[in-house]
Student: 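Before I ask anything, here is the structure I am working with.
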Amino acid sequence: MFEDDPVDDLPAATLCHLVDRGDDPGGDGGAAGDETLLIRKKRGVGSGQWVGPGGKVEPGETVEECVVREVREEVGIDVLDPERAGVFVYRSDGWDAVVHVFRATEYAGTPEETAEADPRWFPVDDLPFAEMWQTDREWLPHVLDGGTFRGRFVYSDGEPREVRMETGVTPSL
Ligand SMILES: Nc1nc2c([nH]c(=O)n2[C@H]2C[C@H](O)[C@@H](COP(=O)(O)OP(=O)(O)OP(=O)(O)O)O2)c(=O)[nH]1
């Protein structure tokens, strides 16, 4: 899957997909059923789109530390039980990365808008795919359903040109 990629040299990044189950997920008075927290990114790579919170791993930081820090910085909550759900190599004209995807169900605090992100809960069966990275629709349903994946997505001119994915595998490189 990653034989042609310099995975050790690519920048690492994280994404967090928080799933809230129960009668009133998110505590926002919304409908019953599973919901997931997405942010509308205000700046950086992919700004304007809906994505899971996350960002680049800093020097000396583990991916687990990164995902907790990024969620706190972007929406002001503490994720308590992040687990690895997937990993993908992302290649494009201007930005390449290894992206580590986490799933979580426990958190402390209430998501708040920050300078970086506008958070909103979405029903897991009604996600805004038209305003998301195109290849997220390939893997996000598996992650929200408790599954795992590995993928390789090559974009050029903003369009996915190569899409490879396997599910039900250990989410490591
Ligand atoms: N959902 C989704 N996110 C992706 C894809 N490819 C990709 O690089 N990303 C994410 C991973 C990182 O979270 C983000 C790029 O980092 P960023 O610009 O948000 O980093 P950051 O918030 O730490 O920003 P900075 O302050 O470090 O510049 O883009 C993709 O295909 N789908």
Side-chain angles (χ1 to χ4, degrees), residues 1 12-41 44-57 63-64 66-90 97-113 116-153 155 160 163-173:
M1 168 85 65
T14 59
L15 291 173
C16 185
H17 286 283
L18 191 57
V19 183
D20 195 331
R21 311 191 193 283
D23 292 340
D24 182 16
D28 57 1
D34 293 355
E35 292 192 343
T36 191
L37 188 74
L38 299 178
I39 61 166
R40 197 186 277 282
K41 274 192 80 168
V45 180
S47 62
Q49 304 196 90
W50 290 104
V51 292
K56 300 183 190 96
V57 178
V63 289
E64 285 81 6
C66 171
V67 75
V68 171
R69 175 184 54 75
E70 286 284 354
V71 174
R72 189 183 298 139
E73 285 177 7
E74 292 189 338
V75 296
I77 61 174
D78 284 311
V79 173
L80 304 177
D81 64 343
E83 62 170 333
R84 286 171 183 261
V87 63
F88 62 91
V89 165
Y90 176 85
V98 174
V99 181
H100 300 268
V101 180
F102 288 81
R103 174 178 48 242
T105 57
E106 302 289 329
Y107 63 98
T110 304
E112 288 174 355
E113 184 172 356
E116 294 183 44
D118 189 4
R120 191 191 298 174
W121 293 98
F122 288 89
V124 296
D125 56 3
D126 190 17
L127 299 172
F129 285 126
E131 296 175 86
M132 298 176 73
W133 297 78
Q134 287 188 52
T135 46
D136 286 12
R137 72 182 70 195
E138 306 291 336
W139 55 263
L140 185 52
H142 294 286
V143 168
L144 298 178
D145 207 25
T148 56
F149 79 100
R150 302 195 317 158
R152 182 171 190 276
F153 309 121
Y155 281 66
V163 178
R164 290 170 62 187
M165 208 182 76
E166 40 190 34
T167 56
V169 295
T170 306
S172 57
L173 292 168

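We're numbering straight along the sequence, starting at 1. Not measured: the values here are computed from a predicted model.
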Student: Is it true that Glu74 and Lys41 have a side-chain N and a carboxylate O under 4.0 angstrom from each other?
Tutor: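 Salt bridge: no.
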
Student: After noting the C-alpha distance and the side-chain angles of Leu15 and Phe88, does the key distance pass the side-chain contact (heavy atoms from CB on, under 4.5 Å) rule?
Tutor: CA-CA 11 Å; Leu15 291 173; Phe88 62 91; 4.3 Å; yes

Student: Rounded to the nearest 0.5 Å, what separation is found between the CG atom of Asp125 and the CD atom of Glu35?
Tutor: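 One finds 9.5 Å between CG of Asp125 and CD of Glu35.
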
Student: Under a 3.5 Å distance rule, please check whether Arg40 uses its side chain to pair with a backbone N or O of Gly48 as donor and acceptor.
Tutor: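 Checked: pair present.
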
Student: Run the side-chain contact (heavy atoms from CB on, under 4.5 Å) check on Asp20 and Leu37 step by step: do they pass?
Tutor: CA-CA 8 Å; Asp20 195 331; Leu37 188 74; over 6 Å; no

Student: Has the side chain of Asp78 got a donor or acceptor atom that lies under 3.5 Å from a matching backbone atom of Ala108?
Tutor: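 Not confirmed, Asp78 side chain does not pair with Ala108 backbone.
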
Student: Output yes when a side-chain donor or acceptor of Arg103 lies under 3.5 Å from a complementary backbone atom of Gly147, and no otherwise.
Tutor: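 Indeed, once roles are kept as given, a pair shorter than 3.5 Å links the two residues.
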
Student: Arg150: what forms a side-chain contact (heavy atoms from CB on, under 4.5 Å) with it, not counting sequence neighbours?
Tutor: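 If we apply the side-chain contact (heavy atoms from CB on, under 4.5 Å) test to Arg150, skipping adjacent residues, the hits are Met1, Phe2, Val87, Glu166, Val169.
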
Student: Which heavy atom in Thr14 sits nearest to a heavy atom in Glu70, and how many Å separate them?
Tutor: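 Minimum heavy-atom separation between Thr14 and Glu70: OG1-CG, 4.4 Å.
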
Student: Is any side-chain heavy atom of Ile77 closer than 4.5 Å to a side-chain heavy atom of Leu18?
Tutor: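 Ile77 vs Leu18: side chains touch.
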
Student: Ignoring hydrogens and geometry beyond distance, is a side-chain donor-acceptor pair present between Tyr90 and Thr135 at under 3.5 Å?
Tutor: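 No, no side-chain donor-acceptor pair sits under 3.5 Å.
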
Student: Could you go through Trp133 and Phe153, starting from their C-alpha distance and side-chain angles, then the distance that decides it, and tell me whether this counts as ring-ring contact (aromatic ring centres under 6.0 Å, His included)?
Tutor: CA-CA 11 Å; Trp133 297 78; Phe153 309 121; 9.9 Å; no

Student: Could you walk me through whether His100 and Val67 pass side-chain contact (heavy atoms from CB on, under 4.5 Å), step by step?
Tutor: CA-CA 9 Å; His100 300 268; Val67 75; over 6 Å; no

